[in-house]
Amino acid sequence: MNLFADIRALVIDALGALQAEGTLPAGLDFANVSVEPPRDAAHGDMATNAAMVLAKPAGMPPRAIAEALAAKLMADPRVAGADVAGPGFLNMALAPAVWHGILRSALIGGRAFGSSDLGAGQKVNVEFVSANPTGPMHVGHVRGAVVGDALANLLAFAGWDVTREYYINDGGAQVDVLARSAFERYRQAHGLDPEIREGLYPGEYLVPVGEALKDAFGASLLDQPEEAWLAKVREFATDRMMQMIRDDLAALGVRMDVYSSEKALYGTGQIEAAIDTLRGMGLIYEGTLEPPKGQLPEDWEPRVQTLFRSTAHGDDVDRPVQKSDGSWTYFAPDIAYHYNKVKRGFDQLIDIFGADHGGYVKRMKAAVSALSNGRVPLDIKLIQLVKLWKNGEPFKMSKRAGTFVTLRDVVEMAGADVTRFIMLTRKNDVALDFDFDKVLEQSKDNPVFYVQYANARVNSILRKAREAGLEVDDAVLAGVDLAGLNHPAEIAMARKIAEWPRLVEIAARTNEPHRVAFYLYELASEFHGLWNRGNDEASLRFLQDDPATSQAKIALARATGVVICAGLGILGVTPVEEMR
RNA sequence: GCACCCAUAGCUCAGCUGGAUAGAGCGUUGCCCUCCGAAGGCAAAGGUCGCACGUUCGAAUCGUGCUGGGUGCGCCA
């Protein structure tokens, strides 16, 4: 249940009644009427802009509309007060029973509280990570993995049918480089000196792959020419890399539903079919691209290529799908892959890319737009860089890879839960500092700790209550009399809890999981504030002498804990019950 | 040259399909606490929301044009 939606429905009903009795003219459009929490709590619990939005079409002064509306709304038992303010806002105060109802919903709903049918079961595909299978995952991949996974959780919570997907770039030249690099390690496993030439992957993670190649193939490949072993070694090494990547993802708590292979698109006619489909739409032609203005590539010369008329779907220039030698560009299999996703029946596609792929967004959207006849929206989230810090300076070293810090390094140093939370403390398109010292600090400065601590305090209350012999199971708490919960600080806590279902819908609509992390921080902040007031005002403590009063206050605390657990669940972070 | 992203308090950042006096944390200043309802609390100061026009009853939010920073720009993915 979403309280804001309920109250909005109430407002719309009241407006309809005003129309029926002739106070308002017929035929008004209520689409822009909104009900929101006021920025300033002094303005009440809910505010609607109805009077201002309707003033012009109704030909009436906003305050007149607002006053008529206020009178109607007051008839509902949920509305305890309705005042016209400012240019025509209608501020409503809600009856305490409304907030008590929210708390019961949270206690009954548990971690499902705030879930929604906004997505209406529509199928959405979230493609993320899609790291090249040439080595272990590094820091650059971590943020994309976390954002993608949390977004998938969020959308599932909001009623979408979600598929998490990884696109394996195993069709290009880089997997040949991997094969050659692994072959050198294979020679090394036989006691020969590896020649890690310029351009090969030097990482030591390939040493065990060389050993495994030796176990699998013995000495049979040693004196063979490259043509004889390349395909075998490539497949072997790629499989090993993908296993490593799956393990890395698992360490971060990420599990994919589908792994799609670029290589598997070749030789199946899928690329040809996708391009032919575009050709049938008149969107493929032979032509020559203009050179980019300004800095001209040194070896530029005009070439005739097979081009996709992406400009017909919003791109700036048309894009090549075939090289001059007739082979496909990297864009062609990507088109085929996205066509594949469209044909699998997804209603919506989401790609999570690194920010350095920003230039790729328009052409990809153009391709999906063309291939789905505009039916399937593609949203592309660009993930900005993560800068690692330790001891006040940039952190660069890696035990395994030599050149880059791996996902494993980060998870081992900070833990998966901390890593995931911190990665969501920034909007996806701004850079993020990840300071190993700060993220592990146990203080208010650390948002992970702060949120976890709030939930730990809730659990501490529950423990103590049980020790005192109180019934505090959720089902029991949901049934207790909450009428005593009427202190402004307690109502404020409930108000924050009531925002959760609305926040979920906003975050899901915008595909922005970071909003959940920020909300949890605010929720925790509200709870710690209430807790601290208990130090001065004994009546605000959660544990009281009177069992019934205690139970009511514990219901409030537990409802907060329920939302924290639900939110952390979306972020993929394990709630802790006790700080140590 | 073009496209995309970013620009909000001294610092790091939020800001709801356009809403009221623009928020949080850190830092600064003042007061309080030394309590396991531990891993601090309360309060204050601090802003031309990069700039300029425009749309609107109303703009940090939308549009146009600029400034500054980042990313990218045909046979690499």
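Chain naming here is simple, since letters A, B, ... match the order of the sequence lines and numbering starts at 1 in each.
Proximity note for A:Tyr453 (side chain, C-beta onward) versus B:A77, B:C13, B:A39: the nearest is B:A39. Here the side chain of A:Ser443 is nearest to one of B:C16, B:G37, B:G40, namely B:G40. In the set B:G15, B:G19, B:G37, the nucleotide with an atom closest to the side chain of A:Val53 is B:G19. Each of B:A20, B:C5, B:A14 was ranked by its minimum atom distance to the side chain of A:Arg426; first place goes to B:A14. Across B:G74, B:G15, B:A39, the shortest atom-to-atom separation from the side chain of A:Arg515 is found for B:G15. Across B:G37, B:A77, B:G74, the shortest atom-to-atom separation from the side chain of A:Tyr330 is found for B:A77. For A:Pro37, whose side chain is taken as the heavy atoms from C-beta onward, the closest listed nucleotide among B:C16, B:A24, B:A77 is B:C16. Closest approach to the A:Asp445 side chain among B:C76, B:A14, B:C26 is made by B:C26 (side chain taken as heavy atoms from C-beta onward). Closest to the side chain of A:Asn169, from the set B:C13, B:G74, B:A77, is B:A77. When distances are taken from the side chain of A:Pro320 to each of B:C16, B:G74, B:C6, the shortest belongs to B:G74.
Distance CZ (A:Phe353) to C1' (B:U71): 15 Å, rounded to an integer number of Å. For the pair A:Ile65 CD1 and B:C57 P, the interatomic distance rounds to 14 Å; values are reported in whole Å. Distance A:Asp351 CG to B:A77 P: 18 Å, rounded to the nearest Å. The NZ-P distance, from A:Lys427 to B:G70, rounds to 20 Å in whole Å. With rounding to whole Å, A:Leu424 atom CG is found 16 Å from B:C13 atom P. Taking atom CG of A:Asn532 as the reference point, atom C1' of B:C32 lies 13 Å away to the nearest angstrom.
B:A44 and B:C26: their P atoms are spaced 15 Å apart (whole Å). With both ends at atom P, the span from B:C4 to B:A60 equals 24 Å, rounded to whole Å. A distance of about 26 Å separates the C1' atoms of B:G19 and B:G25, rounded to the whole Å. Comparing B:C11 with B:G50, their P atoms are spaced 13 Å from each other, to the whole Å. Look at the P atom in both B:U71 and B:C76: the space between them is 23 Å, to the nearest Å. One C1' atom belongs to B:U64, the other to B:U28, and the distance between them is 41 Å to the nearest Å. Taking atom P on both B:U8 and B:C2, the two are 25 Å apart, rounded to the nearest angstrom. The C1' atoms of B:U21 and B:G58 are separated by 15 Å, rounded to the nearest whole Å.
Under 3.5 Å, the side chains of A:Glu165 and A:Ser260 contain a donor-acceptor pair of N or O atoms. Looking only at atom types and distance, the side chain of A:Glu537 has no donor-acceptor partner in the side chain of A:Ser539 under 3.5 Å away. If you check the side chains of A:Tyr360 and A:Asp334, you find a donor sitting under 3.5 Å from an acceptor. Side-chain N/O atoms of A:Trp389 and A:Asp433 include a donor and acceptor closer than 3.5 Å. Judged by distance alone, the side chains of A:Arg363 and A:His313 never bring a donor and an acceptor atom under 3.5 Å apart.
OP1 or OP2 of B:G37 lies within a sub-4.0 Å distance of a side-chain N or O belonging to A:Lys464. In this model, the phosphate group of B:A39 is approached by a side-chain N or O of A:Arg457 to a distance below 4.0 Å at OP1 or OP2. Using a 4.0 Å cut-off, no side-chain N or O of A:Lys438 falls inside it from OP1 or OP2 of B:U12. For B:C4, the OP1/OP2 oxygens have a side-chain nitrogen or oxygen of A:Lys362 closer than 4.0 Å.
A 4.5 Å side-chain heavy-atom check between A:Glu235 and A:Asp170 finds every atom pair outside the cut-off.
The distance between the ring centers of A:His43 and A:Phe89 does not fall below 6.0 angstrom.
A donor-acceptor contact under 3.5 Å is not formed by the side chain of A:Asp315 with the base of B:A3.
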When the side chains of residues 56-70 of chain A are checked against the rest of the protein, which donor-acceptor pairs come out under 3.5 Å, sequence neighbours left out?
residue, atom, partner, partner atom, Å
A:Arg63, NH1, A:Gly86, O, 3.1

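Mapping A:His357 and A:Arg502 onto RNA chain B by nearest heavy atom places A:Arg502 closer to the 5' end of the strand. Between A:His514 and A:Val361, the one whose closest nucleotide on RNA chain B sits nearer the 5' end is A:Val361.
B:G72 is paired with B:C2 under the Watson-Crick or G-U wobble criterion, all donor-acceptor distances under 3.5 Å. Using N1 to N3 plus N6-O4 or O6-N4 for Watson-Crick, or N1-O2 and O6-N3 for G-U wobble, each under 3.5 Å, B:G63 pairs with B:C53. Of the nucleotides present, B:C42 is the one that pairs with B:G30 by Watson-Crick or G-U wobble criteria, both distances under 3.5 Å. In this structure, B:U17 forms no base pair with any nucleotide, since neither Watson-Crick nor G-U wobble geometry is met with both distances under 3.5 Å.
Put simply, A:Phe89 rests on the base of B:A20: the two rings are less than 5.5 Å apart at their centres and nearly parallel, under 30°.
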